[in-house]
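What follows is a set of notes on a single structure, which appears directly below.
Below, chains carry the letters A, B, ... as their sequence lines are ordered, and counting in each starts from 1. Keep in mind that this is a model prediction, so the values were computed, not measured. Hydrogens, waters and symmetry mates play no part in the numbers below; they use all other heavy atoms, side chains included.
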Amino acid sequence: MELELKQLRDRCIADLNDVNELKILDNVRIKYLGKKGELTIALKGMGKLSKEERPIIGKLANEVREEIEKALSHQKQVLEKKEIDARIKEEVIDVSLPGKKHLAGRLHPLTTTINELKEIFLGMGFSIAEGPEIEWAKYNFDFLNVPLDHSARDFQDTFYYEDDIVLRTQTSPVQVRVMENQKPPLRIISPGRVYRSDAIDATHSPVFHQMEGLVIDKGITMSDLKGTMDMFAKKLFGEQTKTKFRPHQFYFTEPSAEMDVTCFKCGGVGCKVCSNTGWIEILGCGMVHPNVLKICGIDPDVYSGFAFGMGLDRITMIKYGINDLRLLFENDLRFLSQFK
Amino acid sequence: MLVSLNWLKEYVNIKQSPYDFGECLTMSGTKVETLTIVSDVISDIYTGKIIKIDRHPNADKLVVCTVDLGTDKRIIVTAAKNIYEGAIVPVAVDGAVIANGTKLGVSDFRGIESFGMFCSIEELGMNTDLFSKEIMEGIYLLPEGTPIGMDIKELLWLDDVIIDVELTANRADCQSIIGIARESAATLNLPMEGFKTYSKVETNNEIVQYLNVTAESDLCERYIAKMLEVKKIEASPLWIQVKLLNSGVRPINNIVDVTNYVMLELGQPLHAFDYESLHSDRIVIKTTNDKEMVTLDAKERVLDSSMLMITNGITPVAIAGIMGGENSEITEATQQIILESACFNKSSVRLTAKKLGLRTEASARFEKGVDPELAMVAAMRATWLLEEIGACEVIEGLIDVYHHPVVSKKISLDVAWVNGFIGINLSESEMAALLRRLFFKVSSENSGILEIEVPSFRQDIEAREDLAEEVARIFGYDNIPSTIMGGTTMIGGKTAVQKYEDDLKSLLVGQGYFETLTTSFTSEKRLLGLNSPMPLDLVPLINPLGEENSIMRPSLVGHQLEVISLNYARKNPFGRFFEFSNTYRKNEAKDSLPYEEKKLVLSTYGNEDYFELKGMVELLCAHTGIKNPSFIAGGSEFLHPGRRALIYANDVVLGEIGEIHPLVVKNYELPKRTYVCEISFTALYESGTMEEKFVELPKFPGSNRDLAIQLKETIPAALVNDIIRKNGGNILESIELFDVYTGEQIPEGYKSLAYALNFRHQERTLNDDDINPVVEHILAELKSLLNAQLRE
């Protein structure tokens with residue numbers, strides 16, 4: 001019996017070693033260990049053994065089973081590896097071939113600029129206000145302190161729908177609407193589309209975009225305006241940016257200023273972008289005119305505030321070095337796909 | 001405005017370099033655009049007197065001149081024709097450089113050496129536009145008495161720096177040398193020189209024998225007339241001409257030049273009439289019914305009754321504040337002149353100039369507003385100049401029609417308020433000093449309140465805020481500290497709908513769509529290309545920029561087609577586009593603005609089809625929380641009648657989608673297959689739910705059934721889908737159409753739709769007994785409603 005078991009084991013191991021495909025490995029298992037397998041049958045003969053022999057043979061039988069199982073598992077691993085190796089060899093690809101095209105679209109560069117500006121001001125506690133593009137003349141001019149006979153109201157400068165309805169020439173009417181309808185404190189920005197009767201060329205378009213901002217609260221000072229605009233410029237153009245405030249005139253504000261920033265391209269040394277001045281004019285701003293506050297029902301003795309406005313198309317052009325405004329409105333894919 | 005730095009220096013002792021001075025002016029509010037040297041190339045050109053002119057022995061067209069340069073006499077050979085013995089001319093000596101950069105040497109002219117050349121204005125680098133053709137073409141002849149041997153740059157101010165300043169609309173007072181000088185003095189904290197005026201104490205009111213003046217219209221705010229006897233009409237002295245030239249004004253004759261000189265210097269437009277050709281002893285300022293007149297520039301102007309005219313009582317002799325009439329022009333024969341120094345209503349001048357299409361140096365100044373007080377100073381300055389240069393003798397007396405003299409404004413200024421408003425900390429005396437630099441009369445008694453009297457030329461100063469700006473700009477905007485806003489803390493942020501729009505944009509970009517930016521204008525012609533009936537509620541503009549921009553667009557589709565057309569023409573092979581923008585419709589309600597509706601438009605071409613675009617719309621709907629939007633055949637006429645659909649969320653129309661109609665394809669020169677979808681942004685947003693709630697994952701397995709259903713080709717799949725859903729009970733989890741087939745094995749006019757149905761119960765595993773009856777019910781309904789068969 002003992003011999004029989006040992007022979008069985010040797011046969012089985014020899015069989016296993018002969019197997020070279022994973023598929024038929026299981027056949028060997030069944031042949032020896034299966035319900036009708038050789039070992040199973042051999043063990044059934046155990047009953048015929050004497051009392052003394054039984055434990056010895058039983059132990060041997062278990063050892064043989066374990067050895068077979070071990071060999072089986074080993075051979076399985078060997079074969080699996082062999083199979084994987086073969087597959088890997090077969091599946092080699094040229095990793096340098098081009099990838100499959102995934103086409104992402106792009107936001108228009110103007111939108112990207114607007115988003116960037118919005119983020120800066122949202123972070124300072126501003127909200128975004130919107131208003132109609134076709135607007136009452138009184139909101140676009142009168143309430144903004146623009147003199148009745150000012151040439152900005154002329155047909156040459158402003159598009160009219162009716163005598164008292166214009167295409168807004170600035171987003172300031174939004175500020176008026178906010179001041180009329182909300183109580184201070186206010187912090188809003190109003191990006192949007194505006195219109196002026198300018199023929200299209202490399203730097204002009206009858207349709208363009210502005211973003212204006214408004215802050216009204218108790219104790220707002222001109223130095224707050226400077227601080228806020230300076231912070232904005234640093235966030236938009238980088239920490240190293242310097243700002244310069246020049247006195248200017250707007251009907252909506254008094255005192256008024258224009259803000260220049262050091263040229264982000266040359267850092268202020270002078271280059272083509274800044275026409276060798278080292279500075280780029282970026283926005284107009286000032287303290288909200290008391291007449292405007294009064295018209296909107298805000299007491300200038302209690303509240304003060306500042307406002308600012310900038311041309312978004314211009315900032316987009318400066319930011320990306322775009323040399324012709326018309327490109328923004330043309331929508332050639334070769335243009336649109338250049339921006340992230 | 002062009003400002004001569006040399007002229008400015010006659011009033012203020014400016015010591016900075018022109019560049020530094022320009023920076024100072026800019027930072028105090030007078031923006032310097034450019035600094036230009038009149039003629040910076042030339043050198044070694046001097047004044048010389050031609051003593052003798054001899055014929056050239058070897059050339060008929062040349063002459064040999066002996067020229068006295070003061071330090072030496074030299075021979076110069078020339079072909080110039082306008083020279084004469086005794087003439088004083090600019091002489092470029094050998095070694096000199098003329099305006100075009102040529103360096104001169106000694107040249108041999110047919111055997112005679114020439115040691116220099118005479119110069120024309122062009123060779124001197126002067127602005128040729130400011131001279132008559134006659135002067136321009138010859139050698140520039142200098143007036144008798146011009147010193148000999150003088151550097152021409154110095155004599156003609158060719159080394160002067162011309163400052164081009166941009167003036168703001170409110171600073172009418174800066175439209176003059178004196179105005180810029182005041183700003184310079186204030187900015188640099190320097191004193192300012194005065195100027196001479198006619199100040200003779202007159203005893204005879206002689207003028208009344210010649211003239212009386214009536215202002216019949218309030219549009220004439222002041223009218224001063226001074227009369228002078230002409231001694232000689234000739235060219236002005238060089239010092240006057242040079243200042244005019246460096247201000248961009250053409251010298252004409254001594255009288256006209258003086259009126260221009262004073263306008264440039266003081267900002268007061270003046271006009272001189274020939275008294276004789278007035279044919280009257282009256283000047284009446286009024287609006288008239290005259291239809292036309294010929295102005296000084298020999299052009300006929302069409303008048304109307306809104307225009308203020310200077311008349312002789314009957315006939316207009318000048319358009320007030322704009323230009324004189326040819327009928328009263330100063331000529332060689334003029335014996336007496338009327339010098340007009342007046343102030344006209346700025347709106348009236350602006351409107352008249354606009355109607356006439358005639359803007360002059362005078363009208364530009366009146367439009368901004370001239371100080372009525374200035375008229376007298378200017379009249380006296382011009383009188384003094386005319387007498388000084390020997391052009392005229394003064395006729396005694398003066399007429400001044402001035403019904404409502406300006407009253408000087410007085411404002412109390414709270415020092416603490418200014419400091420608080422600007423964010424600075426000046427003492428009362430410091431603030432008073434800053435304002436005094438700007439010629440405000442300030443009384444300060446250490447009470448914390450400054451009493452200010454505004455000079456009449458500062459018409460722009462009205463309120464304390466205006467004075468705060470004056471303090472701030474002279475103090476220096478750069479010296480104001482930068483602070484962080486105090487006050488209430490504000491949260492800010494985007495609204496839900498603003499965030500939603502950003503979300504949709506990200507989604508579209510992620511799916512390969514490019515955002516476009518198109519203008520808001522369209523026109524009937526452009527809309528006609530869409531082959532659709534013209535909308536009745538268009539929003540046309542009264543004053544558009546051309547027909548093609550005459551209407552506010554009612555839809556975004558046309559512009560998308562233009563975008564695709566452009567890209568297709570430029571050989572970009574495919575494209576996906578989107579835009580969020582407003583569309584505009586008329587509002588019939590009274591006192592209302594037109595409707596503005598934000599829409600989302602999508603468009604595609606090249607390797608695209610209807611279902612790609614529809615898939616995008618479905619994704620947008622899913623993202624918005626709109627379940628099962630329906631696409632029902634139909635839509636606008638610019639779409640292919642067999643390939644268009646209206647998009648519904650429940651009962652709300654969101655928009656439409658489809659392939660562009662072949663005729664419209666032709667109109668717009670589009671690729672054959674172009675797809676477009678326009679959706680109302682508001683309707684889309686309002687139809688969705690932004691609520692996001694977690695739903696427990698299923699615990700029990702689902703079970704699939706595939707059904708291939710054969711039915712008539714014309715029956716929309718959506719109908720089948722609806723019937724399946726309606727009859728699927730609550731165990732039908734999802735339906736997916738995975739194949740549409742026509743062809744072999746399917747009868748003509750029929751199609752096969754293959755659906756994968758997924759069934760699932762939340763609380764147990766489903767078995768055939770649960771599912772089979774449902775499937776049979778569905779099939780029965782499909783058969784009875786659509787006569788659809790199950791394909792085995």
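Heavy atoms of B:D466 lying under 4.5 Å from chain A belong to its backbone as well as its side chain. Contact annotation for B:L541: both backbone and side-chain heavy atoms come within less than 4.5 Å of a heavy atom of chain A. Looking at A:I188, there are no atoms closer than 4.5 Å to chain B (heavy atoms on both sides), in backbone or side chain. In this structure, no portion of A:N291 lies under 4.5 Å from any heavy atom of chain B. Residue contact with chain B, scored on non-hydrogen atoms closer than 4.5 Å, involves the side chain of A:Y251 exclusively. Contacts of A:F250 with chain B are absent, with no heavy-atom separation under 4.5 Å from either backbone or side chain. The parts of A:D301 that come within reach of chain B are both its backbone and its side chain, each placing non-hydrogen atoms under 4.5 angstrom from that chain. Both the backbone and the side chain of B:N170 come within contact range of chain A, each with at least one heavy atom under 4.5 Å from a heavy atom of that chain. Proximity to chain A (any heavy atom under 4.5 Å) is restricted, for B:E23, to the side chain, taken from C-beta onward. There is no contact between B:S348 and chain A, counting heavy-atom distances below 4.5 Å. In this structure, no portion of A:H102 lies under 4.5 Å from any heavy atom of chain B. Looking at A:T158, the atoms closer than 4.5 Å to chain B (heavy atoms on both sides) all sit in the backbone: N, CA, C or O. The contact between A:S256 and chain B is made by backbone and side chain atoms together, counting heavy-atom distances below 4.5 Å. Proximity to chain A is limited to the side chain of B:S581, based on heavy atoms less than 4.5 angstrom apart. Interface residue B:R464: only side-chain heavy atoms are found under 4.5 Å from chain A. B:Y568 does not touch chain A: none of its heavy atoms, backbone or side chain, sits under 4.5 Å away. The contact between A:F306 and chain B is made entirely by side chain atoms (from C-beta outward), counting heavy-atom distances below 4.5 Å. Looking at A:I134, the atoms closer than 4.5 Å to chain B (heavy atoms on both sides) sit in the backbone and in the side chain alike.
Counting heavy-atom pairs under 4.5 Å between each of A:A199, A:P300, A:S127 and chain B puts A:S127 at the top. Annotation: maximal heavy-atom pairing with chain A below 4.5 Å, among B:N582, B:I484, B:T26, B:I480, occurs at B:I480. The candidate from B:T168, B:T30, B:L517, B:V509 with the greatest count of non-hydrogen atom pairs under 4.5 Å with chain A is B:L517. Heavy-atom pairs under 4.5 Å with chain B were tallied for A:M287, A:H248, A:R193, A:M231; the largest tally goes to A:R193. Contacts with chain B were tallied for A:L336, A:L225, A:L333, A:V166; A:L333 has the most, counting heavy-atom pairs under 4.5 Å. Note: B:M552 leads B:E579, B:R576, B:M552 in heavy-atom pairs under 4.5 Å with chain A. With chain B as the partner, the residue from A:S304, A:P147, A:P290, A:G123 showing the most heavy-atom pairs under 4.5 Å is A:P290. Taking A:F329, A:F245, A:F155, A:W136 one by one and counting their heavy-atom pairs under 4.5 Å with chain B, the maximum is reached by A:W136.
Within the cation-pi definition used here (under 6.0 Å to the ring centroid, within 45° of the axis), B:R585 qualifies as a partner of B:Y595. A cation-pi arrangement is absent between B:K346 and B:F366, since the terminal nitrogen or guanidinium carbon is not both under 6.0 Å from the aromatic centre and inside a 45° cone about the axis.
Of the N and O atoms on the side chains of A:S197 and A:Q156, not one donor lies less than 3.5 Å from an acceptor on the other residue. A:E133 and B:Y584 are linked by a side-chain donor-acceptor pair at a separation below 3.5 angstrom, with hydrogens and angles left out of the test.
Between A:K244 and B:D478 there is no salt bridge, since no side-chain N of the basic residue sits under 4.0 Å from a carboxylate O of the acidic one. At a threshold of 4.0 Å, the pair A:D260-A:R246 counts as salt-bridged, since one of the basic side-chain nitrogens sits closer than that to a carboxylate oxygen. Salt bridge annotation for A:K235-A:E119: absent, with no cationic side-chain nitrogen under 4.0 angstrom from a carboxylate oxygen. Salt bridge B:R473/B:E183: present, at least one basic N to carboxylate O contact under 4.0 Å. A salt bridge does not link A:D299 with A:K218: every distance from a Lys NZ or Arg NE/NH1/NH2 to an Asp or Glu carboxylate oxygen is 4.0 Å or more. The pair B:R570-A:E330 counts as a salt bridge, with a side-chain nitrogen and a carboxylate oxygen less than 4.0 angstrom apart. The existence of a salt bridge linking A:R106 and B:E515 is excluded, since no basic side-chain nitrogen approaches an acidic carboxylate oxygen closer than 4.0 Å. Under the 4.0 Å criterion applied to side-chain N and carboxylate O atoms, B:D502 and B:K494 are assigned as salt-bridge partners.
Residues passing the side chain to side chain donor-acceptor pair (under 3.5 Å) test with B:Y500 are B:T624, sequence neighbours excluded.
A:I189 has its side chain within reach of A:F308: a pair of non-hydrogen atoms, C-beta onward, lies under 4.5 Å apart. Between B:L508 and B:L602, the closest side-chain pair of non-hydrogen atoms falls below 4.5 Å.
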